[in-house]
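Data first, discussion second: the structure below is written as structure tokens.
Numbered from 1 within each chain, the chains take letters A, B, ... in sequence-line order.
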2 protein chains.
Amino acid sequence: MQKEHNLSKNQKIIFDLIDKSGEPMKAYAILFNVQKKGIKAPLQVYRALDKLVEIGKIHKIESRNAFIACQNSSCQISKATAFSICESCENVSEISNSKLSKYLSNFEDDSGMRYSKYNLEFFGLCKKCKSK
Amino acid sequence: MQKEHNLSKNQKIIFDLIDKSGEPMKAYAILFNVQKKGIKAPLQVYRALDKLVEIGKIHKIESRNAFIACQNSSCQISKATAFSICESCENVSEISNSKLSKYLSNFEDDSGMRYSKYNLEFFGLCKKCKSK
DNA sequence: TTATAAATGTTATATTATTACATAACGTTA
DNA sequence: TAACGTTATGTAATAATATAACATTTATAA
């Protein structure tokens with residue numbers, strides 16, 4: 001189970017926005033959306049984003065510089081993330097596949113280095129876009 | 001085997017720099033380094049980087065906004081990349097593991113979406129940093 | 001309660017990346 | 001080799017993403 005975090009005011013505003021949108025949001029799009037709620041500066045957004053990423057409520061889609069709400073609410077998966085990204089419509093969804101996460105969490109390479117964290121991004125065309 | 005690409009002047013200058021450095025380089029660090037060779041503007045750098053990424057001579061480390069020369073010279077792996085990143089010293093190396101790449105290249109999730117490309121970044125502490 | 005950490009507010013600035021437009025070099029093939 | 005399309009280059013301006021520095025306030029917990 002995930003620890004219950006009491007989000008601060010800004011964190012809550014920003015998390016709710018991202019969560020409701022259901023898709024990746026960019027920092028300045030977030031900023032634009034929350035200005036009416038009194039969050040005026042980029043730094044306020046980035047600080048909340050940093051914290052939300054840290055506690056696993058959202059993830060950063062690195063290849064897109066965007067942030068999406070965690071879709072695996074019940075598991076401690078913020079250090080082991082995998083996403084499916086459609087290169088046409090830019091739809092992103094979090095992959096929740098226990099075989100995959102087990103495989104990657106236990107992965108060791110020749111260096112003997114053990115990994116505490118990973119991020120995987122898959123790219124392709126989603127069903128809709130493929131059939132166009 | 002990888003197709004032999006004839007790099008243009010700027011592409012060659014920039015590839016050689018990244019390749020010799022042996023570690024990830026950021027675009028503006030590259031720019032600074034090649035100014036004496038007549039490459040003066042960010043766009044010149046980004047254009048060369050785009051092309052080099054496209055043909056698989058370099059890869060972008062998304063979580064670091066940096067570019068590293070491909071270390072798997074003999075294989076067509078630019079659409080299936082995996083990296084090991086030390087969070088302390090920021091050392092990055094490309095993982096070349098056929099089991100891993102086979103596993104990921106064949107991965108399918110519930111959506112039935114088939115992936116043409118992936119990028120995986122592992123994080124942890126390298127041996128040196130772990131023993132400090 | 002008091003002190004410590006976490007969050008906020010604000011301004012300025014750093015870093016990363018692209019748009020727009022003009023020109024030049026290269027490769028093909030007629 | 002001339003004409004064409006494609007790829008690469010040059011240059012200026014600007015957009016988009018992210019952080020530094022500093023002052024203040026709020027929450028947590030000893």
- Take nucleotides 20-27 of chain C nucleotide by nucleotide from the 5' end and write B, S or -, depending on whether a protein heavy atom sits under 4.0 Å from the base, only from the sugar-phosphate, or from neither. B-------
- Message: Is any side-chain heavy atom of A:Leu7 closer than 4.5 Å to one of A:Ile14?
- Response: no
- For salt bridge (charged side-chain N to carboxylate O under 4.0 Å, His left out), just list the numbers for B:Arg64 and B:Glu121, CA-CA rounded to whole Å, side-chain angles, deciding distance to a tenth of an Å, and then say yes or no. CA-CA 10 Å; B:Arg64 299 298 188 259; B:Glu121 298 181 4; 5.8 Å; no
- Task: Mind calculating the distance between NZ (A:Lys37) and C1' (C:dG9) to the nearest angstrom?
- Result: 19 Å
- Grab the CD-P distance between B:Glu62 and C:dT15 for me, whole Å please. 20 Å
- Kindly assign one of parallel, tilted or perpendicular to the pair B:Phe122 and A:Tyr118, based on the angle between their ring planes and the thresholds 30° and 60°. perpendicular
- B:Ile58 versus B:Asp19: any side-chain heavy-atom pair under 4.5 Å? no
- Query: Between C:dT16 atom P and B:Leu49 atom CG, what is the distance in whole Å?
  - Reply: 12 Å
- Axis-to-axis angle across the helix from C:dT1-D:dA30 to C:dA30-D:dT1, five pairs an end, to 10 degrees? 40°
- Message: Nearest whole Å is fine: how far is D:dT7 C1' from B:Ile55 CD1?
- Response: 13 Å
- Item | A:Asn72 and A:Glu94: side chain donor to acceptor below 3.5 Å | yes
- Could you check how far CD of A:Gln44 sits from C1' of D:dT17, rounded to whole Å? 17 Å
- Any side-chain N or O of B:Asn65 less than 4.0 Å from the OP1 or OP2 oxygen of D:dA18? no
- Are any non-hydrogen side-chain atoms of A:Ser93 and A:Gln71 less than 4.5 angstrom apart? yes
- Would you say B:Lys26 reaches C:dA14's phosphate, i.e. side-chain N/O to OP1/OP2 under 4.0 Å? no
- Item | Length of the OH-P vector between A:Tyr46 and D:dA16, whole Å | 12 Å
- Task: Answer yes or no: does a side-chain N or O of B:Asn10 lie under 4.0 Å from OP1 or OP2 of D:dG10?
- Result: yes
- Note on the structure: Between CZ of B:Phe32 and P of C:dT16 the distance, given in whole Å, is 15 Å
- Query: Distance only, no hydrogens: is a donor on one side chain within 3.5 Å (strictly under) of an acceptor on the other, for B:Asn91 and B:Glu23?
  - Reply: no
- Nearest-nucleotide 5' precedence on DNA chain D, B:Tyr28 against A:Tyr28: B:Tyr28
- Which nucleotide in the list D:dT19, C:dT16, C:dT10 gets nearest to the side chain of A:Lys40? C:dT10
- Determine whether the side chains of A:Asp109 and A:Ser111 contain a donor N or O and an acceptor N or O closer than 3.5 Å. yes
- Could you tell me whether the side chain of A:Lys117 reaches within less than 4.5 Å of the side chain of B:Glu87, counting heavy atoms only? yes
- Quick one: which of D:dA18, C:dG9, C:dA7 gets closest to the side chain of A:Lys9? C:dG9
- Rounded interatomic separation in angstrom, taking NZ from A:Lys51 and P from C:dA5: 13 Å
- Among D:dG10, D:dT17, C:dA17, the one nearest B:Ala27 by side-chain distance: C:dA17
- Query: Side chains of A:Phe123 and B:Tyr115: closer than 4.5 Å at any heavy-atom pair?
  - Reply: no
- Task: Would you indicate which nucleotide in D:dT19, D:dT9, C:dG9 comes nearest to any side-chain atom of B:Ser8?
- Result: D:dT9
- Item | Sugar-phosphate, base or nothing in reach of A:Lys12, heavy atoms under 4.0 Å | nothing
